[in-house]
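We count ligands from 1, going down the list as the structure has it; atoms in each ligand are counted the same way. Nothing fancy with the numbering, it's 1 onward along the sequence.
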Amino acid sequence: MLVFTHAECDGHVTPPGHPERVERLRAVEAGLEGLAVERRDCPPGDEAEVLRCHPAGYLARVKLAVPAEGWAQLDGDTFLAPGSHRAAMRAVGGICAAVDAVVAGEAGAAFVAARPPGHHAETAQAMGFCLYGTVAIGAKRALDHHGLARVAVVDFDVHHGNGTQDLLWDEARCLFASSHQRPLFPGTGAPEERGAHGQVLNLPLRAGSDGAAMRAAYERVILPALADWRPDLVLVSAGFDAHAADPLAGLAWQAEDFRWLAAGLWEAAGGRMVSALEGGYDLDALAASVAAYVGEMTRLSA
Ligand SMILES: [Zn+2]
């Protein structure tokens, strides 16, 4: 089990009171404590990888907006600090290095503990704390650089991965399957949203629904779809904000539910799986959930 992270991710400092904060990575570290994982640094991301998903004008706009001090605001809740672009590029570099390592057989599973998150970033629009579509960029790396025939992205963050869906809408080689609370930010993720090739699968969950409801829904819909897809690699948008203690949403999962998800997804992944941190805003719940999820993945991929 590989874990990719980088100190430059702490350069993405958000304004006081913002839930997507530097301390989240300290909570992730607390969750990883004692696990037998191999640590690697996220290399700096290559802009060419970003350009597989976002137009050059968008990348230029984000870089230009980076402030010399303080913050610049890109939307209602997405801020740039002086180190934000560098941090986001470490997230991009981390996912690409994780994909490379897993495709090369250096490990069966990898977890990218970087921030800012990525799954709300649309083609030319920063949104919901996200700048670049990290996991979609990883999927494109697997398809276009490594030449894999089929990949899948599973997004179990409590919010719909509207950005990933947007970036992969036309990508016939990639299944995108998302479970999320609905209605909730960002408002997308209806079952009728199926992608240009019917390869998008949205599974809304009702507010208040618990881990048992999640497990039933995954067993009924997402895990069979994943098995049918026979992906050469599974990427996971691993957001831990469906935890009952999370302040931004209203599902009622527990840390053990993330352990169950790790096992179910691992079985469907056929031995190659790359997960990347998305949400998770209660620090204790985040630490416990990461411990359960990465711990199970470490055990299974050993
Ligand atoms: Zn989220």
Subject >> Six-ring centre of Tyr293, Arg259 cation under 6.0 angstrom, axis tolerance 45° >> reply: no
**OP:** Could you verify whether a donor N or O on one side chain and an acceptor N or O on the other, from Thr14 and Glu20, lie under 3.5 Å apart?
**Re:** no
Original post:
Is the distance from the Zn ion (ligand 1) to the nearest N/O/S atom of Glu278 under 2.8 Å?
Top reply: no
**OP:** Decide if the gap between the ring center of His120 and the ring center of Phe129 is smaller than 6.0 angstrom.
**Re:** no
Subject >> Modelled atom types, side-chain donor and acceptor of His160 and Gln165, under 3.5 Å >> reply: yes
Original post:
So with a 6.0 Å cut-off around CD of Glu219, is the heavy-atom count from everything else above 12?
Top reply: yes
**OP:** Examine His120 and say whether one of its N/O/S atoms is closer to the Zn ion (ligand 1) than 2.8 Å.
**Re:** no
Original post:
Can you name the N/O/S atom of His159 that is nearest the Zn ion (ligand 1)?
Top reply: ND1
Subject >> Identity of the N, O or S atom of Asp241 lying closest to the Zn ion (ligand 1) >> reply: OD2
Subject >> Closest approach to the Zn ion (ligand 1) by Asp157, given as the N, O or S atom name >> reply: OD1
